*Asks:* 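My questions will all concern the structure given below.
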Amino acid sequence: MHPSPFQDATITEAVQLVEEAGPLDDAQALREAMRLQQDPGRRIVERARILGQRIGLQDEWARARAWSPWVLLGLVAVIVIAGLTLAGNVLGGTGQINVVVALASLLCLHLITLVAWLVGLVVPLGSFNASFGWLWLTLTARVAGGQRGQAPVLLRAITRLLNRARLLPWALGFVSHAIWTLSFAVVLAAMLFALAFRNYTLSWQTTILEPDFFVRSVEFLGRAPAWLGFPVPDAQAVRSPLAAASGQRAWALWLTGCIVVYGLLPRVVFALLCAAVWQVRKKALRPDLSQAYYRKLLARLDALAPPHIVDADPGQLPHLATHALAAGDTTDSLMAVGFELPDELPWPPAALDMRGAQAMRIDGSANARRELLDTLARVRPRRVLVGCHAASSPDRGTERFLREVMSLSGECRLWLFGTAPDDTARQRWHAWLADAGLDGLHAGDALEPMLHGWTGA
């Protein structure tokens, strides 16, 4: 069976956690990933699969997946037994039910945990470690692999993935809400069965509170259940210590309605909400390739790629015209960019009067180019002066860069500086500009002509 995207992401994250203690021998895994996959992200996942198979992550995942439903059923069985026990304590064997104590005992823990979960959605409190969902994950890891296996690593990987995708409270919340839902369903079934076939007397008791307090409380709590058709005992029935048979039926249905509305229904609604959020955000469950760990892996994979000749016969390809920004689309900003300059050449040179221009220097890497182009797209400068090393040979990377700069500015000028170019170097650059379709670009090796009209409109 082909692994799911979530399994692939978990294994990849787990391999990263393992390598935090020291890198694995991955030479063969890198070569195999290069052979099997074309996309860089898929190559990283393929490498993690190979390494994970070697250190037993996939076997641990299979064991955890096999044990997880049984662990969940065990938790459900415990909750069901606890719910039946609680219902038995509420109903008791004396035939007397204090409705206030019954309602508090059935809803108190549920409401506390529900409020804690809701607050945890906004303010991380670490409260999810005490939820049924976290207990299920932890017990599954313990049963599947113990403390000495790889299951704890998988647990940490799953937690990091869910945190990064902002899904941890929703995933754990779904398990918790589902368990609470089943618990309330069992409690309600046991209560309704007992109330239907046994005779109970429902009342309230107090030593210091006024009867009007219970009248107002019963009326307030009964409003929402009344929308679903549950009756609410009237004031006379509340004040009466021992209500008539019709009053006892109203008390029983009021208690049932409160448990349904304040216990069962919120858990059902939030379980459905958690499932919906999971469906919306589950695509974000993937490795973060922007991390330094993955950037290094991508660089190593790139180094294994076979060399490609990218500059052969550049005149064979048609060149599309590059259009500068219109005057009305630019700002008054000026920029000076040093492109792939040797380390010994300073930028900007002391001879360059920037006159308020923003200076940047890039080494030609993809990240540096992307950062510069993002800046140009945001600033939309009126003019950009690009400085290139005169003794260097231009290539298609230079052409692509100049075209991108021209399309994001009002005017682009090319200054060839460094070692004074001889006629051969000058002719090479100008011939290349003509072949690349950039002969309209203002280029030269003297600074003063390049700055003519630099600050003019």
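All values derive from a computational prediction rather than experimental measurement.
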*Asks:* Any chance you could measure L75, atom CG, to S183, atom OG, to the nearest 0.5 Å?
*Replies:*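 Atom-to-atom, L75:CG and S183:OG are 12.0 Å apart.
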*Asks:* Please step through side-chain contact (heavy atoms from CB on, under 4.5 Å) for the pair F401 and I362, ending with a clear verdict.
*Replies:* CA-CA 11 Å; F401 174 73; I362 66 171; 3.5 Å; yes
*Asks:* Side chains of Q16 and Y294: donor-acceptor distance under 3.5 Å anywhere?
*Replies:*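 Yes, because at least one side-chain N or O of Q16 sits under 3.5 Å from a partner of the opposite role on Y294.
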*Asks:* Just wondering, do V15 and R47 contact through their side chains at under 4.5 Å, heavy atoms?
*Replies:*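 Yes, close enough: below the 4.5 Å cut-off.
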*Asks:* So, do C388 and L416 sit near enough that their side-chain heavy atoms are less than 4.5 Å apart?
*Replies:*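 Yes, their side chains come closer than 4.5 Å.
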*Asks:* For the atom pair OG1 (T140) and CG (L72), what is the distance rounded to the nearest 0.5 Å?
*Replies:*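 Those atoms lie 8.0 Å apart.
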*Asks:* Working to the nearest 0.5 angstrom, can you tell me the gap between L36 CG and R43 CZ?
*Replies:*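 The distance works out to 10.0 Å.
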*Asks:* Does the side chain of N367 come under 3.5 Å of the side chain of S365 through a donor N or O and an acceptor N or O?
*Replies:*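 Result is no, nothing qualifies.
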*Asks:* Output the distance between atom CG (D26) and atom CZ (R300), rounded to the nearest 0.5 Å.
*Replies:*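 Result: 4.0 Å between the selected atoms.
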*Asks:* Using a 3.5 Å distance criterion without hydrogens, assess whether the side chain of W254 forms a donor-acceptor pair with backbone atoms of P231.
*Replies:*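 The answer is no, because no donor-acceptor pair under 3.5 Å joins these two groups.
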*Asks:* Nearest 0.5 angstrom please: T12 OG1 to R49 CZ, how far?
*Replies:*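 Rounded to the nearest 0.5 Å, the OG1-CZ separation comes out at 8.0 Å.
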*Asks:* Can you find a heavy atom in the side chain of V337 that is under 4.5 Å from one in the side chain of L376?
*Replies:*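 Answer no - side chains too far apart.
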*Asks:* Judged by atom type as modelled, is there a donor-acceptor pair below 3.5 Å linking the side chain of W429 to the main-chain atoms of A390?
*Replies:*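 Confirmed, W429 side chain pairs with A390 backbone.
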*Asks:* Show which side-chain atoms of residues 256-281 pair as donor or acceptor with protein atoms under 3.5 Å away, not counting sequence neighbours.
*Replies:*
residue	atom	partner	partner atom	Å
T256	OG1	A252	O	2.9
Y262	OH	L221	O	2.8
R267	NE	H110	ND1	3.0
R267	NH1	H177	ND1	2.9
R267	NH2	H110	O	3.0
R267	NH2	H110	ND1	3.3
R267	NH2	T113	OG1	2.9
Q279	OE1	K282	NZ	3.1
R281	NH1	R166	O	2.7

*Asks:* Under 4.0 Å between a side-chain nitrogen and a carboxylate oxygen: does that hold for R396 and E399?
*Replies:*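 Judged by the 4.0 Å cut-off on N to carboxylate O distance, R396 and E399 do not form a salt bridge.
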*Asks:* If you draw a 6.0 Å radius around CD in E371, do more than 12 non-hydrogen atoms from other residues or ligands fall strictly inside?
*Replies:*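 No, the 6.0 Å shell around CD holds no more than 12 heavy atoms from other groups.
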*Asks:* Between W61 and F6, what is the ring plane arrangement, given parallel below 30°, perpendicular above 60°, and tilted in between?
*Replies:*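 Judged by the thresholds at 30° and 60°, the geometry between W61 and F6 is perpendicular.
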*Asks:* Does CZ belonging to F193 count more than 12 external heavy atoms closer than 6.0 Å?
*Replies:*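 No - once you tally the heavy atoms of other residues, nucleotides and ligands closer than 6.0 Å, there are 12 at most.
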*Asks:* Do L433 and L414 have side chains that approach each other closer than 4.5 Å (heavy atoms only, starting at C-beta)?
*Replies:*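 Yes, side chains in contact.
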*Asks:* May I ask you to check whether R160 and N163 show a side-chain donor-acceptor distance below 3.5 Å?
*Replies:*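 Result is no, nothing qualifies.
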*Asks:* Would you say the side-chain atoms of T138 and W134 include a donor-acceptor pair closer than 3.5 Å?
*Replies:*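 A pair is found: one side chain offers a donor N or O, the other an acceptor, under 3.5 Å apart.
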*Asks:* Short question: side chain of E19, backbone of L24 - any donor-acceptor pair under 3.5 Å?
*Replies:*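 Such a contact is found between E19 side chain and L24 backbone.
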*Asks:* When you look at E340 and H389, which way does the side-chain contact (heavy atoms from CB on, under 4.5 Å) test go after all the steps?
*Replies:* CA-CA 8 Å; E340 294 186 345; H389 189 212; over 6 Å; no
*Asks:* I need the single residue from K296, Q37, M34 that forms a side-chain contact (heavy atoms from CB on, under 4.5 Å) with L301. Which is it?
*Replies:*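 The single option meeting the side-chain contact (heavy atoms from CB on, under 4.5 Å) with L301 is M34.
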*Asks:* List the atom of G387, the atom of L341, and the distance in Å for their closest heavy-atom pair.
*Replies:*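 Minimum heavy-atom contact is O-CD2, 3.6 Å.
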*Asks:* How about W67 and W70: are their ring centroids closer than 6.0 Å?
*Replies:*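 Not under 6.0 Å, so no.
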*Asks:* Without swapping roles, check the side chain of W117 against the backbone of P169 for a donor-acceptor pair under 3.5 Å.
*Replies:*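 Answer holds: yes.
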*Asks:* Within the structure provided, determine whether L441 and C412 are in side-chain contact (heavy-atom separation under 4.5 Å).
*Replies:*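 A side-chain contact under 4.5 Å exists here.
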*Asks:* Of all the heavy-atom pairs spanning L345 and R361, show the shortest one and how long it is.
*Replies:*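 Closest approach of L345 to R361, heavy atoms only: O-NH1, 2.6 Å.
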*Asks:* When you compare the side chain of W136 with that of L172, does any pair of heavy atoms fall below 4.5 Å?
*Replies:*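 With C-beta onward as the side chain, the pair stays apart.
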*Asks:* Mind running side-chain contact (heavy atoms from CB on, under 4.5 Å) on L107 and F184 for me, showing each step along the way?
*Replies:* CA-CA 10 Å; L107 296 182; F184 276 120; 3.9 Å; yes
*Asks:* Under 4.0 Å between a Lys/Arg side-chain N and an Asp/Glu carboxylate O for E60 and R63?
*Replies:*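 Looking at E60 and R63, the cut-off is met.
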*Asks:* For the pair T375 and R378, evaluate side-chain contact (heavy atoms from CB on, under 4.5 Å) and give the outcome as yes or no after the intermediate values.
*Replies:* CA-CA 5 Å; T375 301; R378 183 178 67 255; 3.8 Å; yes
*Asks:* Roughly how far apart are Q7 CD and R65 CZ, rounded to 0.5 Å?
*Replies:*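 Answer rounded to 0.5 Å: 7.0 Å.
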*Asks:* Taking all atoms of both residues into account, what is the closest heavy-atom pair of V153 and A14, and its distance?
*Replies:*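 Heavy-atom minimum between the residues: CG1-O, 3.7 Å.
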*Asks:* Got a sec: does the CZ of R42 have more than 12 other heavy atoms crowding it under 6.0 Å?
*Replies:*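 More than 12 heavy atoms, drawn from other residues, nucleotides or ligands, come within 6.0 Å of this atom.
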*Asks:* Donor-acceptor pair, distance only, cut-off 3.5 Å: does the side chain of E411 make one with the backbone of R383?
*Replies:*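 Between the backbone of R383 and the side chain of E411 there is no qualifying donor-acceptor contact (under 3.5 Å).
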*Asks:* Should E404 and R400 count as an ion pair when the cut-off is N to O under 4.0 Å?
*Replies:*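 Salt bridge: no.
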*Asks:* P381 and V384: which non-hydrogen atoms are nearest, and at how many Å?
*Replies:*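 So the two residues come closest at CG-CG2, 3.5 Å.
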*Asks:* Does the side chain of W432 come within less than 4.5 Å of T398's, by heavy atoms?
*Replies:*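 In contact.
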*Asks:* Under a 4.0 Å threshold between the charged nitrogen and the carboxylate oxygen, would R54 count as salt-bridged to E32?
*Replies:*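 Salt bridge between E32 and R54, a charged N being under 4.0 Å from a carboxylate O: no.
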*Asks:* Checking T10 side chain against A157 main chain: does a donor-acceptor pair fall under 3.5 Å?
*Replies:*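 Such a contact is absent between T10 side chain and A157 backbone.
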*Asks:* Any side-chain heavy atom of L51 sitting closer than 4.5 Å to one from I55?
*Replies:*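 A side-chain contact is absent here, since even the closest heavy-atom pair is not under 4.5 Å.
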